[in-house]
Amino acid sequence: MTDKIDDTELETSTTPGYNPGEKKTVDEYAKLDQHDESLNKWKASLGITGDASAPADKPKVEFLTLSLEAPTLNNPIKFNLSDFIPNQSAESKQHLKSNPVNIKENSDYNVKLDFKVNYDVISGLKYVQVVKRSGITVDKLQEMIGSYGPKAEVYEKRFPTEESPSGMLARSGQYQVRSRITDDDGNLYLDFEWSFKITKEW
């Protein structure tokens with residue numbers, strides 16, 4: 001058996017009847033129905049002003065950190081997401097898979113994502129992860145991150161609280177994880193692998 005997680009296992013489900021609509025630029029959104037008060041409030045909430053431009057030296061979205069937070073954990077466990085850029089070395093990738101983080105058994109925890117949108121509107125960001133142990137898929141998480149417009153401040157997205165398993169069986173072995181972030185247009189922003197162990201203490 002293998003803990004390799006295939007692309008097919010990371011496919012996201014769609015909401016029946018949901019249509020993301022036609023893709024528009026920030027400028028097009030800014031000029032859309034300018035006298036519609038409710039639409040203008042929505043555009044303002046996304047930071048759409050019509051003056052955003054695409055800087056040559058920055059990506060459309062910068063994913064900064066993925067954190068595990070828990071009431072019983074003094075400091076969050078953080079992944080620097082810049083480590084998962086496409087040109088990352090094979091040795092660096094292997095290090096992440098071979099050095100698992102510890103997650104305390106029977107603990108409530110949250111996953112938090114920090115990111116910036118530099119330009120354009122990002123529609124329907126999704127986070128999905130698949131967890132395997134001893135060749136068997138034991139968990140799949142899919143969370144909607146949402147739609148965001150460009151702004152200088154960092155966005156924070158906290159996912160619903162989860163509870164880690166407990167017991168001797170849960171503490172045996174290592175869990176392999178593959179995480180991916182996509183959007184409504186099928187763009188792939190991040191695709192990375194890591195690992196964890198269930199332990200008695202953090």
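When reading the values below, keep in mind they use all heavy atoms of this one structure, side chains included, and skip hydrogens, waters and symmetry mates.
- Side-chain atoms of Asn118 and Glu62 form a donor-acceptor pair, as typed in the model, at a separation below 3.5 Å.
- Looking only at atom types and distance, the side chain of Asp108 has no donor-acceptor partner in the side chain of Thr161 under 3.5 Å away.
- Closest approach of Asn102 to Ile77, counting heavy atoms only: O-CD1, 3.5 Å.
- The two residues Pro76 and Glu69 come nearest to each other via the heavy atoms CB-CG, 4.1 Å.
- Classification of Lys126 and Asp184 as a salt-bridged pair holds, one side-chain N sitting under 4.0 Å from a carboxylate O.
- Atoms CG and OG1, from Leu125 and Thr182 in turn, are 8.0 Å apart once rounded to the nearest 0.5 Å.
- Checked by atom type and distance alone, the side chain of Ser147 pairs as donor or acceptor with a backbone atom of Gly124 at under 3.5 Å.
- Between Ala170 and Ile198, the shortest heavy-atom contact is O-CB, 3.5 Å.
- Heavy-atom minimum distance, Leu188 versus Leu190: CD1-O, 3.4 Å.
- The closest side-chain donor-acceptor pair between Tyr189 and Asp183 falls under 3.5 angstrom.
- To the nearest 0.5 Å, the span separating OH on Tyr127 from CZ on Phe159 amounts to 6.5 Å.
- At a threshold of 4.0 Å, the pair Glu153-Lys116 does not count as salt-bridged, since none of the basic side-chain nitrogens sits closer than that to a carboxylate oxygen.
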*List the steps, then state whether side-chain contact (heavy atoms from CB on, under 4.5 Å) holds for Lys157 with Lys112.*
CA-CA 6 Å; Lys157 174 66 179 182; Lys112 181 171 77 78; over 6 Å; no
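- Put simply, CD1 on Ile181 and CG on Asn187 are 12.5 Å apart, with the number rounded to the nearest 0.5 Å.
- Distance CG/Asp120 to CD1/Ile122: 5.5 Å, rounded to 0.5 Å.
- Distance check, rounded to the nearest 0.5 Å: CZ of Phe196 to CG of Leu68 gives 9.0 Å.
- Among the candidates Val138, Val101, Ile103, the single residue satisfying the side-chain contact (heavy atoms from CB on, under 4.5 Å) test with Tyr175 is Val138.
- For Thr199 (side chain) and Glu201 (main-chain N/O), a donor-acceptor pair under 3.5 Å exists by modelled atom type.
- Distance alone, capped at 3.5 Å, is enough to place a donor-acceptor pair between the Arg133 side chain and the Ser172 backbone.
- The distance from the CD atom of Glu143 to the CZ atom of Arg158 is 14.0 Å, given to the nearest 0.5 Å.
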*Determine, step by step, whether Tyr148 and Phe115 satisfy the ring pair (Phe, Tyr, Trp, His ring centres under 6.0 Å) criterion, reporting the C-alpha distance in whole Å, the side-chain angles of both residues, the deciding distance to 0.1 Å, and the verdict.*
CA-CA 10 Å; Tyr148 300 85; Phe115 61 99; 5.0 Å; yes
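- A distance-only check finds a donor-acceptor pair linking the side chain of Ser164 to the backbone of Lys104 [under 3.5 Å].
- Residues Glu105 and Gly167 approach most closely at OE1-N, 3.0 Å, considering heavy atoms.
- A salt bridge between Arg178 and Glu193 is absent, with no side-chain N of the basic residue lying under 4.0 Å from a carboxylate O of the acidic one.
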*Step by step, would you call Val111 with Leu66 a side-chain contact (heavy atoms from CB on, under 4.5 Å)?*
CA-CA 7 Å; Val111 173; Leu66 184 74; 3.5 Å; yes
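- Take Lys78 and apply the salt bridge (charged side-chain N to carboxylate O under 4.0 Å, His left out) test, not counting sequence neighbours, and it matches no residue.
- Formation of a donor-acceptor pair under 3.5 Å by the Tyr155 side chain with backbone atoms of Gly149 is found in this model.
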